[in-house]
Amino acid sequence: MTTVGMVFTDTDTAGMTALHDRFTEGGLDRRPELIPPALPAPGTAAAGFGDAQRASWHIDVLTEVPVVVYAVSGFADGRPVTDPRPAREATAKGQTSVAAQAGLGHDAAGVAARVEDGLRRAVAEAVEGPRATPEATKEAR
């Protein structure tokens, strides 16, 4: 199970760059006490995915837009995880943690990357206008 979230901030590029540096260089993106919360949606398959089931997470502070994107993955069957690992660590070669063996680091990092890519495309399109694609060019004729 994976929970994805975005936190929109009210700051400029310099502020986002400073926050990004604190997370990456300061190691905040790897601290277990800062794992984003899970969303155990009642009545769904995610109902058993609470904070105790979080196994891996990815946090990325974007600098070009005032957004923090995160994803946290774990077990929806209620199985607790006592040793959660950041996605960067859980996806490293030779890792044997529960998160690594279950591929949950890949889940968290991959889902977060897709959300980031979509957000960046939407922002670029809003700023630069729609890009000429083969489909758009064909429709314009």
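- Of all non-hydrogen atoms in Arg85 and Ala90, the two that sit nearest each other are CB-CB, 4.2 Å.
- By the criterion of side-chain heavy atoms lying less than 4.5 angstrom apart, applied directly or through intervening Ile, Leu, Val, Met, Phe, Trp or Tyr residues, Trp57 is not grouped with Val4; the two fall into different hydrophobic clusters.
- Closest non-hydrogen pair, Met1 versus Ala46, comes out as SD-CB, 3.5 Å.
- Under the 4.5 Å side-chain criterion, counting only non-hydrogen atoms from C-beta, Leu104 is in contact with Phe75.
- Between Val68 and Leu19, the closest side-chain pair of non-hydrogen atoms falls below 4.5 Å.
- A chain of hydrophobic side-chain contacts below 4.5 Å, direct or via other Ile, Leu, Val, Met, Phe, Trp or Tyr residues, connects Leu28 to Val7.
- Put simply, Val67 and Val111 are part of the same group of oily side chains (I, L, V, M, F, W, Y) that touch within less than 4.5 Å, one to the next.
- At least one donor-acceptor pair closer than 3.5 Å links the side chain of Thr3 to the backbone N or O of Leu39.
- The shortest heavy-atom contact between Pro86 and Ser56 is C-OG, 3.7 Å.
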Practice problem: Go through the steps to decide whether Glu116 and Arg120 satisfy the test salt bridge (charged side-chain N to carboxylate O under 4.0 Å, His left out), and finish with yes or no. | Solution: CA-CA 6 Å; Glu116 291 170 27; Arg120 285 185 172 110; 3.5 Å; yes
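- Asp51 contributes a side-chain N or O that, together with a main-chain N or O of Ala38, makes up a donor-acceptor pair within less than 3.5 Å.
- The backbone N or O of Gly50 sits less than 3.5 Å from a side-chain atom of Gln53, completing a donor-acceptor pair.
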Under the side chain to side chain contact (heavy atoms under 4.5 Å, CB included) rule, what do Glu64 and Val123 come out as? Steps first, then yes or no, please. CA-CA 9 Å; Glu64 67 275 20; Val123 168; over 6 Å; no
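- Considering all non-hydrogen atoms of both residues, Leu62 and Met16 come closest at O-CE, 3.1 Å.
- Residues Thr96 and Gln101 are in side-chain contact: their nearest non-hydrogen atoms beyond the backbone lie under 4.5 Å apart.
- Proximity of Gln95 to Glu89: side-chain heavy atoms (C-beta onward) are separated by under 4.5 Å at one or more points.
- Nearest heavy atom pair, residue Ala112 against residue Ala71, reads CB-CB, 3.9 Å.
- The closest side-chain heavy-atom distance from Asp60 to His20 is below 4.5 Å.
- Taking CZ of Arg54 as the start and CZ of Phe49 as the end, the distance is 8.0 Å to the nearest 0.5 Å.
- Across all their heavy atoms, Pro40 and Ala47 have their closest contact at CB-O, 3.5 Å.
- Summarising the local packing, CZ of Arg22 is surrounded by 12 or fewer heavy atoms from other residues, nucleotides or ligands at distances under 6.0 Å.
- A single hydrophobic cluster is seen to contain both Phe8 and Val65, as judged by linkage of ILVMFWY side chains at heavy-atom distances under 4.5 Å, directly or through other members.
- Residues Val72 and Val98 do not share a hydrophobic cluster, defined by chaining ILVMFWY side chains whose heavy atoms lie under 4.5 Å apart.
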